[in-house]
Amino acid sequence: MNNIKAQKLLNKIQRDLMRNGIIINTLVDDLKELRKIIVEEGNPLLAKVIRLSFEHIETYESFNIAIPEDDPVEEGEDAPLQEETTGQESLDYLLSLMADSSNKVNEIELREYVSAFNEYAEDN
């Protein structure tokens, strides 16, 4: 994420999340604003992850996606998901991945989140 405005907004979202937990309206509004900036920046993966995040939060009124496992993942392989994290912890982890989405490992994990969002939507 190269845009200073996007970095500041992402930091604000993370601070608010840590202080207040998942406040749906504020979080969704901030994510929508962040997505606008990212679309202008031209990062389609990040734009998709952000869109899926706020759509998930709006639809389910929580964040129900687990953090991908830390085991090494080869490209094209699905990472197993951890079951013992809260939605807030997983969302915070996702936001930290967004901060450096050009990192190859972070990119793989962002793609895992996309898969997890899609699987969750299909199952629910």
Side-chain angles (χ1 to χ4, degrees):
M1 188 175 302
N2 300 322
N3 185 304
I4 299 293
K5 185 176 178 183
Q7 291 171 357
K8 287 181 180 181
L9 183 53
L10 183 60
N11 288 337
K12 177 204 176 292
I13 293 169
Q14 286 180 296
R15 277 192 316 273
D16 289 350
L17 180 64
M18 288 297 97
R19 287 184 190 147
N20 308 317
I22 297 175
I23 307 296
I24 295 167
N25 294 339
T26 306
L27 181 58
V28 168
D29 290 345
D30 286 345
L31 287 171
K32 286 180 179 180
E33 184 63 30
L34 180 61
R35 184 175 182 277
K36 288 178 192 175
I37 299 167
I38 296 304
V39 167
E40 290 173 8
E41 194 175 284
N43 187 331
L45 174 60
L46 203 48
K48 184 174 187 174
V49 170
I50 294 168
R51 178 183 54 81
L52 290 172
S53 297
F54 70 71
E55 287 176 349
H56 178 89
I57 293 165
E58 281 180 318
T59 302
Y60 302 105
E61 297 184 349
S62 63
F63 193 82
N64 306 313
I65 306 299
I67 297 174
E69 288 282 340
D70 284 341
D71 296 337
V73 177
E74 304 230 356
E75 202 159 334
E77 230 180 75
D78 286 342
L81 297 177
Q82 295 176 352
E83 297 297 329
E84 298 179 17
T85 58
T86 66
Q88 182 174 332
E89 291 168 334
S90 181
L91 180 55
D92 184 53
Y93 183 70
L94 175 59
L95 294 169
S96 69
L97 294 174
M98 289 180 193
D100 187 14
S101 62
S102 62
N103 176 302
K104 190 67 175 167
V105 173
N106 290 4
E107 182 183 329
I108 291 169
E109 290 194 20
L110 287 169
R111 292 184 190 284
E112 289 300 321
Y113 268 99
V114 169
S115 296
F117 281 124
N118 292 330
E119 288 174 23
Y120 190 89
E122 288 173 10
D123 293 344
N124 294 288

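All values below were derived from every heavy atom in this structure, side-chain atoms included, with hydrogens, water molecules and symmetry-related copies excluded.
- Between Phe63 and His56, the ring planes lie perpendicular to each other; the angle is over 60°, past the 30° to 60° tilted range.
- Across Leu94 and Ser53, no two heavy atoms sit closer than the pair CD2-OG, 3.3 Å.
- Using modelled atom types and a 3.5 Å distance limit, the side chains of Tyr113 and Ser90 yield a donor-acceptor pair.
- Not counting sequence neighbours, Phe54 has no partner by the ring pair (Phe, Tyr, Trp, His ring centres under 6.0 Å) test.
- In the model, Thr26 has no side-chain atom that pairs as donor or acceptor with a side-chain atom of Asp16 under 3.5 Å.
- Both Ile24 and Leu9 are assigned to one and the same hydrophobic cluster, defined by single-linkage of ILVMFWY side chains at heavy-atom distances under 4.5 Å.
- Side-chain heavy atoms closer than 4.5 Å link hydrophobic residues (I, L, V, M, F, W, Y) into clusters, and following such links, possibly through other members, connects Leu45 to Ile50.
- Between Leu34 and Ala6, the shortest heavy-atom contact is CD1-O, 3.6 Å.
- The two residues Asn43 and Ser101 have their closest heavy-atom pair at ND2-OG, 3.2 Å.
- Side-chain contact between Leu46 and Pro44: absent, with no pair of heavy atoms (C-beta onward) separated by less than 4.5 Å.
- Here the straight-line distance linking atom CD1 of Ile22 with atom CD of Glu61 works out to 11.5 Å at 0.5 Å rounding.
- For Asn118 (side chain) and Val114 (main-chain N/O), a donor-acceptor pair under 3.5 Å exists by modelled atom type.
- Between the NZ atom of Lys48 and the CZ atom of Phe117 there is a distance of 11.5 Å, given to the nearest 0.5 Å.
- Atom-to-atom distance recorded for Ile37:CD1 and Lys5:NZ is 5.0 Å, nearest 0.5 angstrom.
- Residue pairs meeting the side-chain hydrogen bond (donor to acceptor under 3.5 Å, both in side chains) criterion with at least one partner in residues 31-41, sequence neighbours excluded, are Lys32-Glu58.
- Remark: the Asn124 side chain and the Tyr60 side chain contain no N/O donor-acceptor pair separated by less than 3.5 Å.
- Hydrophobic clustering (ILVMFWY, side-chain heavy atoms < 4.5 Å, transitive): Ile13 and Ile4 are in distinct clusters.
- In this structure, the separation between CG on Asn106 and CG on Leu97 is 4.5 Å, given to the nearest 0.5 Å.
- Across every non-hydrogen atom of Ala47 and Ile38, the tightest pair is N-CG2, 3.6 Å.
- Put simply, CG on Asn25 and CD1 on Ile57 are 11.0 Å apart, with the number rounded to the nearest 0.5 Å.
- The backbone N or O of Gln88 sits nowhere less than 3.5 Å from a side-chain atom of Asp92 that would complete a donor-acceptor pair.
- Residues Ala116 and Ile65 share a closest heavy-atom pair of CB-CG2, 3.6 Å.
- Transitive grouping of hydrophobic side chains (ILVMFWY, heavy atoms separated by less than 4.5 Å) keeps Leu91 and Ile23 in distinct clusters.
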